[in-house]
Asker: 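The structure under discussion is supplied below as structure tokens; questions concerning it will follow.
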Amino acid sequence: MSTEFTADSFPNRFDYGESQDRIYQQWEETGCFSADENDTRPTFSIVIPPPNVTGALHLGHALNNTLQDVLIRLKRMQGFNTLWMPGTDHAGIATQAVVEKRLREEEGKTRHDLGREALVDRIWDWKGQYEKRILGQLKKMGCSCDWERTRFTLDDVCARAVRSTFFDLFRKEYIYRGKRLVNWDTFLQTAVSDDEVFHELVKGHFWHIRYPVIDPQPGEPTHVTVATTRPETMLGDTAVAVHPDPEAALQKSEAELQARLDSAPEKDREGLQAQLEEIQQRRETMLPQLILLRDMALDGRRVCLPLLDREIRLVADVWAKPEMGSGCVKITPAHDPNDYEVGLRQDLPMINILNPEGTLNGNAGDYRGLTIAQSRKRVVADLEEAGLLVEVEDREIDLAHSDRSKTPIEPYLADQWFVKMEQLAQSSMDAVTDGRVKIFPDRYAKGYLDWLSEKRDWPVSRQLWWGHQIPIWSQVCGSEQALTEAIDVLKKLPQMASGEMAYQVEISESASPAAEGDQGATEAGGYATIHVGIEAEVAELEDQLEQLGYRREQDVLDTWFSSALWPHSTLGWPEQTASLARFYPTSTLITSRDIITLWVARMVLMGINNMGEIPFEQVFIHPKILDGYGETMSKSKGNGVDPLDVIEKFGPDALRFGLAHLTTETQDVRMPVQFECPHCATLMDQTKKNRELPRVACKKCEGEFSTQWARSPEDQQLPRGPVVSERFEVARNFCNKLWNAARFALLNMEGYSPQEVTAAELAFEDRWLLSRLSSVTEKVTQSLEAYQYAEAARMLYDFAWDEFCSFYVEMAKSRLQAEDSQAVAQRVIAHCLDQLLRLLHPMIPFITEEVWRLMKQVAPVRGLRNPREATESIMLAEWPLPVPADHDPEIEAQFSQFQSVLGAIREIRSRQNIGPKEQIEFSVTCSEDVTSLLQPMEEFFQSMANARAVAWGPDVEPSTGCATVRRGDVDVYVDLKDFIDVSAEIERNQRLRDKMVAQIEGKEKKLTNENFVARAPEEVVQRERDGLVQLREEVVAIDKVLE
RNA sequence: GGGCAUAUAGCUCAGCUGGUCAGAGCACUGUGUUCACAUCGCAGGGGUCGCAGGUUCGAAUCCUGCUAUGCCCACCA
């Protein structure tokens, strides 16, 4: 036909190094990845979970993206108009933090040294570098994204969507400004997120302070005692709390302790016993006083805040634990998270006493201007002098520190922007409860719904420089009149009338200290702040506002705000683009479970808000990849694997197939990792110890290599030892097996001619393979569509290796040699290989593409029913459909009969150590039916087991001194003649017989159990009966041999 | 503290709605290289399915409790 291959011109391994870039480039050049918004076929679209530009992709990303690519390639072959939308995420704080860290390490500078603009420029440089790296990694993995559409959450298109959304929510008054306690870093003068706070035990004190009761009545205490680790915060106290039902609370904790004591191990008992006694004692000594104080609190009584002589409330609140300290607790709502909650519950004033740089402000009276440390000393000294300091205990304190400046964190009440979640959260819940959005596996829906049902408002402002700056301009108005005037001015702007602009008035008790600096006590009537939002970025209008005295909000938005818009912002929203109309809503989102709430839930609510429609129909949550110790992989632990290292060692297909093969529904993927020695390629298990070393010595060649921790110049000069996992070997071997099967097939295509093949022309093994192919096609398709990747991978692995290679190809060998039978065998093998390549292509795209291309040279037209010219690229080939006419359970059953007889012969060969070159003779006792089936297959016993059949049929009797194996109702005997250890064979049969007798007894017992016979289904009972009969026959058969 | 998972061969995992479900791969043992593939072929050994109860004629499979591990959320004056 056309070019023939020779064994020499066809390497026996697929060389990825040489081929993968070429193949990928061809895909790109021929536009295989491009989605067409004018194509009217049904669509299938996926948006990528945009990787953070903080660094390179790791194995978790590789998994995530492999699963997406498998799905998109499947759908593309199934004839959908597919879009896989790629892009990256600016990842707010994470990216700013890495760039700041480098700045500090390499130049010894802080971001304040650079200024906002310069820092943001640096981060853009970083982004450029890592985005390139990330996209490069995705391409190496074979991801078929539509690269021309690549977006970034901070690019102009996304920025416009963010701005438009923010304005819409602002106008609906879903966005508001409120106070919130943040972790304030007084050194960097910024809020830091919870993730960036570390806790450290430090030595401190517990000060017990007395607050005088105002106008104590006879019988009432004159003081309440409170204890604190931070006496200076008392300057911001606005209440003292006592439990509303101290008796019940004590009882409850006593009962809990008793319960714990009852089940506690011996070693913990002593401590628990002491605690229990303490509580019992409290009920005796303190309870009356606490009840009295509670009553006073309910009466609205007050205490005097020492030093400032301020009257503060006595409140009844559950936060005051009667089993702790004095049972009373001071409440500082503006400087403690728990007290803040109490403040909200009890409607207490919140007095901020700090300036942003950590000194005390005007609210602290005479202590104004002191640092926290100074004020603590002064406060303690003054209290002591006033005789109000009762006791000072030494105590270890769990103190929060800022990760970045290493200074203690101050809880600090600051202005923050919030999104009201009431309606938005509800819409997002409804989408899942009514099934418009389906989550797989469905157990993850629970977490999603639980989280949303709290409907907690979403704080969206971040005190960062990297991100979408909040598009709000604000101005504080000192008086009613100023406010009215300012609003009048606003209302005259044409943009206000046209709805491109909106404003909100916020009335607060105090201006934000963080934003406005130290303004001292509030003026009567509070502050009024006008917030103005503008729909689109219009420089003129923004300038105009600045001139009117408005100042733009400095904070940026939470990075998840832009991520939440991803499914529609990437398609051009708010422009009503053709792509948006075509590809929204997307089909499936594939992501990891830790961002179900942060991201998935928010995409749903923003999609509904902006588009009026859900963003995706299905969500698949895939497992996490853990290392051999069950720990999550991360760069900071040193156990992270770079997908490129795996690709380098095993090839991209092995990476993908390996990952898909591990993606089961219930389990996380545990993947022990190894260092690969760069000198001798030995794999060494990574231990918790060696993974933290800058250099490691190979256990075999003793050559040293560097790890990611290499810092010193000597270490860095050593060759790098990549981290890989031998879990990919299986997949690499599988690809090699496929390659060689293809190599064999293509080397035997000489004289191939495509032609329709009739059923009558097909050999037994052809019909068997076609039947199997049809079932596998059906099951693989179903599995992939149900996100059962591991199942699909396993089925294809077994089919390709065991059935196609080990049986079909072996059996086809002789036919391919013979002139008269060659043609049909070639057509069948070409067709089946063609179909197998298609089924495997989504998982292993490179090797299947290469084989496809080679196959096109010798067998361009393929197919048994309707031979057709193969497509140029396998990416464009049609996904196989099951062929009901090929499905033949009877032939599959018969074939397994053949397999078991073959297996029996091979087992005897191996058991008796008969060399492969020694021909043996065998006979088979079986029914006439089986005889007529297997006798024609004698040549396969010859070629696949070097065994010659001497007798078939129901009357065949074993000769003495033969080895036997029974499979089902077929007995196979091999005449041992002069080879062989006859006594060993007898011994073996004796053991086998004993085992069977035991089984027979078990079954007899079961069948004499009336309950079983009466209650179990008839078919189950029958199966037991049949089994018993068969076992008895087997024993008889063995006995014959043993004679 | 609340929630969600997981526990099956030395290792990594399958085993969907209870009765051919005790399996796969790696590792191990034996054996075999002109004839697609040693990244291979053929064969073999190895597990009372975390523990304790319960439901059932029958449980790796369903229920309860316990233990261990992981993850998410909350909290830690």
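Letters A, B, ... mirror the listed sequences (proteins, then strands); counts begin at 1.
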Asker: Could you check whether A:Asp798 pairs with A:Arg794 (Lys NZ or Arg NE/NH1/NH2 to Asp/Glu carboxylate O, under 4.0 Å)?
Answerer: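 The answer is no: the pair does not qualify as a salt bridge.
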
Asker: Which whole number of Å gives the distance between the P atom of B:rG70 and that of B:rG23?
Answerer: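 To the nearest whole Å, 32 Å.
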
Asker: Counting heavy atoms from C-beta on, name the nucleotide in B:rG19, B:rG25, B:rA77 closest to the side chain of A:Phe206.
Answerer: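 Of all the options, the side chain of A:Phe206 is nearest to B:rA77.
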
Asker: Going by the rule side chain to side chain donor-acceptor pair (under 3.5 Å), which residues pair with A:Arg670 if we only count those two or more places apart in sequence or in a different chain?
Answerer: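 Applying side chain to side chain donor-acceptor pair (under 3.5 Å) to A:Arg670 gives none.
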
Asker: So, A:Tyr797 versus A:Asp802: side-chain donor-acceptor pair below 3.5 Å or not?
Answerer: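 Not at all, the side chains of A:Tyr797 and A:Asp802 share no donor-acceptor pair under 3.5 Å.
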
Asker: Nucleotides 39-43 of chain B: which of its N/O atoms have a protein N/O under 3.5 Å away?
Answerer:
| unit_1 | atom_1 | unit_2 | atom_2 | d |
| --- | --- | --- | --- | --- |
| B:rU39 | OP1 | A:Arg13 | NH2 | 3.0 |
| B:rU39 | O4' | A:Asn733 | OD1 | 3.1 |
| B:rU39 | O2' | A:Asn736 | OD1 | 2.6 |
| B:rU39 | O2 | A:Arg732 | NE | 3.2 |
| B:rU39 | O4 | A:Arg13 | NH1 | 2.9 |
| B:rC40 | OP1 | A:Asn733 | ND2 | 3.1 |
| B:rC40 | O3' | A:Lys737 | NZ | 3.2 |
| B:rG41 | OP1 | A:Lys737 | NZ | 3.2 |
| B:rG41 | OP1 | A:Trp801 | NE1 | 2.3 |
| B:rA43 | O2' | A:Ser910 | OG | 2.9 |

Asker: Give me the distance, rounded to whole Å, that separates B:rG25 from B:rC62 when you measure between the C1' atoms they each carry.
Answerer: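 Looking at atom C1' only, B:rG25 and B:rC62 are 30 Å apart.
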
Asker: Can you check whether A:Lys624 has a side-chain N or O nearer than 4.0 Å to OP1 or OP2 of B:rG70?
Answerer: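 It does not, given that no N or O in the side chain of A:Lys624 lies less than 4.0 Å from OP1 or OP2 of B:rG70.
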
Asker: From B:rG19, B:rA74, B:rA38, pick the nucleotide closest to the side chain of A:Asn12?
Answerer: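 Looking only at heavy atoms from C-beta outward on A:Asn12, the closest nucleotide is B:rA38.
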
Asker: Tell me whether A:Glu232 is salt-bridged to A:Arg230, with the criterion being a basic N under 4.0 Å from an acidic carboxylate O.
Answerer: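 Yes, this pair counts.
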
Asker: Is the terminal nitrogen or CZ of A:Arg13 (NZ for Lys, CZ for Arg) located under 6.0 angstrom from the six-membered ring centre of A:Trp739 and within 45° of that ring's axis?
Answerer: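 Not flagged: A:Arg13 not positioned over aromatic ring of A:Trp739.
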
Asker: Paired with B:rA43 by Watson-Crick or G-U wobble geometry, both distances under 3.5 Å: which nucleotide is it?
Answerer: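 Its partner is B:rU29.
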
Asker: Is A:Lys624 salt-bridged to A:Asp594, cutoff N-O under 4.0 Å?
Answerer: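 Judged by the 4.0 Å cut-off on N to carboxylate O distance, A:Lys624 and A:Asp594 do form a salt bridge.
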
Asker: Can you check the distance between B:rG19 and B:rA59, where both ends of the measurement are the C1' atom (answer in whole Å)?
Answerer: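 About 10 Å, rounded to a whole number of Å.
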
Asker: Could you identify the nucleotide paired to B:rC4, looking across every strand shown and requiring Watson-Crick or G-U wobble geometry with both distances under 3.5 Å?
Answerer: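 Answer to the pairing question: B:rG70, which forms a Watson-Crick or G-U pair with B:rC4.
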
Asker: In Å, rounded to the nearest 0.5 Å, how long is the span from CZ of A:Arg345 to CD1 of A:Ile331?
Answerer: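 Here the interatomic distance stands at 8.5 Å.
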
Asker: Can you tell me which nucleotide in B:rG19, B:rG25, B:rA77 comes closest to the side chain of A:Thr229?
Answerer: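 Nearest to the side chain of A:Thr229 among the choices is B:rA77.
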
Asker: Ignoring hydrogens and geometry beyond distance, is the side chain of A:Glu726 in donor-acceptor contact with the base of B:rA27 at under 3.5 Å?
Answerer: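 In this structure, the two groups form no donor-acceptor pair.
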
Asker: Side chain of A:Val730, heavy atoms from C-beta onward: which of B:rG25, B:rC37, B:rA77 has the nearest atom to it?
Answerer: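 Taking heavy atoms from C-beta onward, the closest nucleotide is B:rG25.
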
Asker: Write down the partner of B:rG19 under the Watson-Crick or G-U wobble criteria, each distance required to be under 3.5 Å.
Answerer: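 Partner of B:rG19: B:rC57.
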
Asker: Between the base of B:rA36 and the side chain of A:Lys813, is one N or O donor paired with an acceptor at under 3.5 angstrom?
Answerer: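 Pair found.
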
